[in-house]
Amino acid sequence: MFAAERRQLILEMVRANGAVSLRELARVVQTSEVTVRRDVRALEAEGLLDRRHGGAVLPGGFTRESGFPQKSHLATAEKTAIADVAAGLVEEGEAVVVGAGTTTQELARRLARVPGLTVVTNSLLVAQALAHANRVEVVMTGGTLRGSNYALVGSGAEQSLQGLRVSRAFLSGSGLTAERGLSTSNMLSASVDRALVQAAAEVVVLADHTKLGTDTMFQTVPTDVITRLVTDEPPPHDDRAGTELQALADQGVQITVAGGAGASGGGESMAGRRPRRESPLPVQRRGGPTAQLRSAGAPLHEQQASERARVADMRRR
């Protein structure tokens, strides 16, 4: 096989799979890993793919989303805290839609005790979490099963959502930026998520800090359509996540930060009550009015002290 043919095949494999190991590439093109590594470098120099340790991925981080087994072990404590807070947004007797994802699955487990709740979902995992909830009605979309995340997708799922109207939608995704909003790596999943959004009066995005500032291939929810973001506190050194939170707040997204001392703990259901929320923590907009960045974790006296210090500083100026 000529080098040009080899590289074309490598590129096709990466485009089809999102990420491929050097070992697998060498096996398919029937050459050594040393030769494949050289081919990958050449393709990277042309901007056609990115090298990663032991493999190659689509450029710019637009990779195929991880499967459920991988995602279920990522940021588990953060997802639990986010689900605790999000469950407190749901009132008795509401009708909501819940999209697919590991964070929304955690939310569903906490919604199981909300009396009179109706949940519309395209996720088998969400439906399974609610299957034995006697006081919750579960409505599933039609569609074709997508095995990597146990979700129903395609025209059947989208058509079943036509004419539906609920109070709010709870969605997750692969990435969230202030510029593009929520995005995912799969076209079919993105299309169904957009249909879920069309059915809801409000859109609540559940995204841990690892997804902040990450942009993936298919936009699902533009920033101006997101009503609220429930996330966790980014680590102090994570400047990207902190900057993205500020940018989202500047665009009018209500932000609730979970997982602090004031947030509800662990895995207990929060049905029928709201998590304890303190006074809003002001965040100064760039060139505009004050945004409200809400914290479920910051104690009230700390927020009041911060506000007094800010006012005193303004007077000195």
Side-chain angles (χ1 to χ4, degrees), residues 60-62 65 74-75 78-79 81-89 97-99 101-104 106-107 168-185 190 193-194 196-198 200-260 262-263 275 277-298 303 306-307 310:
F62 296 102
E65 65 180 329
L74 297 175
E78 291 85 349
K79 291 173 183 176
I82 290 168
D84 283 341
V85 174
L89 301 174
V97 295
V98 179
T102 52
T103 310
T104 52
E106 288 295 323
L107 170 63
R168 55 176 62 91
F170 292 92
L171 297 176
S172 187
S174 302
L176 177 65
T177 67
E179 181 180 0
R180 290 186 72 220
L182 190 67
S183 61
T184 187
S185 302
D193 281 354
R194 286 192 288 268
L196 293 172
V197 168
Q198 290 295 320
E202 296 182 359
V203 177
V204 181
V205 170
L206 312 181
D208 64 77
H209 72 270
T210 63
K211 297 177 181 178
L212 298 176
T214 299
D215 197 5
T216 52
M217 290 183 71
F218 300 100
Q219 183 192 57
T220 58
V221 190
T223 305
D224 59 0
V225 177
I226 300 173
T227 307
R228 182 188 298 269
L229 165 65
V230 183
T231 187
D232 62 293
E233 184 73 40
H237 59 80
D238 192 344
D239 294 334
R240 182 181 70 169
T243 300
E244 209 65 52
L245 277 179
Q246 179 64 65
L248 288 162
D250 288 346
Q251 295 198 34
V253 177
Q254 300 174 48
I255 298 174
T256 302
V257 179
R277 288 186 177 80
E278 310 295 357
S279 299
L281 176 64
V283 177
Q284 187 66 39
R285 291 181 184 268
R286 298 185 184 90
T290 300
Q292 297 297 322
L293 178 61
R294 298 182 181 275
S295 172
Q303 297 182 24
S306 175
E307 178 64 10
R310 188 179 69 83

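Atom set for the values below is all heavy atoms of this structure, side chains included, hydrogens, waters and symmetry mates excluded.
- Within the model, atoms CD of Glu78 and CD of Glu106 stand 12.0 Å from one another, a figure rounded to the nearest 0.5 Å.
- Ile226 CD1 to Gln254 CD: the interatomic distance, rounded to the nearest 0.5 Å, is 12.0 Å.
- Here the rule is side-chain contact (heavy atoms from CB on, under 4.5 Å) with Phe170, and of Leu89, Val230, Val205 only Leu89 fits it.
- Listed by chain and number, the residues in a side-chain hydrogen bond (donor to acceptor under 3.5 Å, both in side chains) with Thr220 amount to none (sequence neighbours excluded).
- Residues meeting the side-chain hydrogen bond (donor to acceptor under 3.5 Å, both in side chains) test with Ser172, sequence neighbours left out: Lys211.
- Two residues are said to be in side-chain contact when any heavy atoms from C-beta on lie closer than 4.5 Å; Val203 and Arg168 fail this criterion.
- For Thr104 (side chain) and Leu107 (main-chain N/O), no donor-acceptor pair under 3.5 Å exists by modelled atom type.
- The closest side-chain heavy-atom distance from Thr214 to Leu176 is not below 4.5 Å.
- Between Ala178 and Ala247, the shortest heavy-atom contact is CB-CB, 3.5 Å.
- Residues Arg180 and Met217 share a closest heavy-atom pair of NH2-O, 3.3 Å.
- Side-chain contact between Gln219 and Leu182 is absent, with no heavy atoms from C-beta onward closer than 4.5 Å.
- Of all heavy-atom pairs between Ser185 and Ser174, the closest is N-OG, 3.7 Å.
- Leu245 is listed as a side-chain neighbour of Leu229, based on a closest heavy-atom distance under 4.5 Å.
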Inset, instruction - Could you walk me through whether Glu233 and His209 pass side chain to side chain contact (heavy atoms under 4.5 Å, CB included), step by step? - result: CA-CA 7 Å; Glu233 184 73 40; His209 72 270; over 6 Å; no
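- Here the side chains of Thr231 and Leu212 are in contact, with some heavy-atom distance below 4.5 Å.
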Legend entry - Intermediate values then yes/no, side chain to side chain contact (heavy atoms under 4.5 Å, CB included), Ile82 and Asp232: CA-CA 7 Å; Ile82 290 168; Asp232 62 293; 4.1 Å; yes
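- For the residue pair Ser183 and Thr216, a side-chain donor N or O sits within less than 3.5 Å of a side-chain acceptor on the partner.
- By the side chain to side chain contact (heavy atoms under 4.5 Å, CB included) test, Thr223 is found to be paired with Leu248, Gln251, Val253, residues two or more places apart in sequence or in another chain being considered.
- Arg228 has its side chain within reach of Thr256: a pair of non-hydrogen atoms, C-beta onward, lies under 4.5 Å apart.
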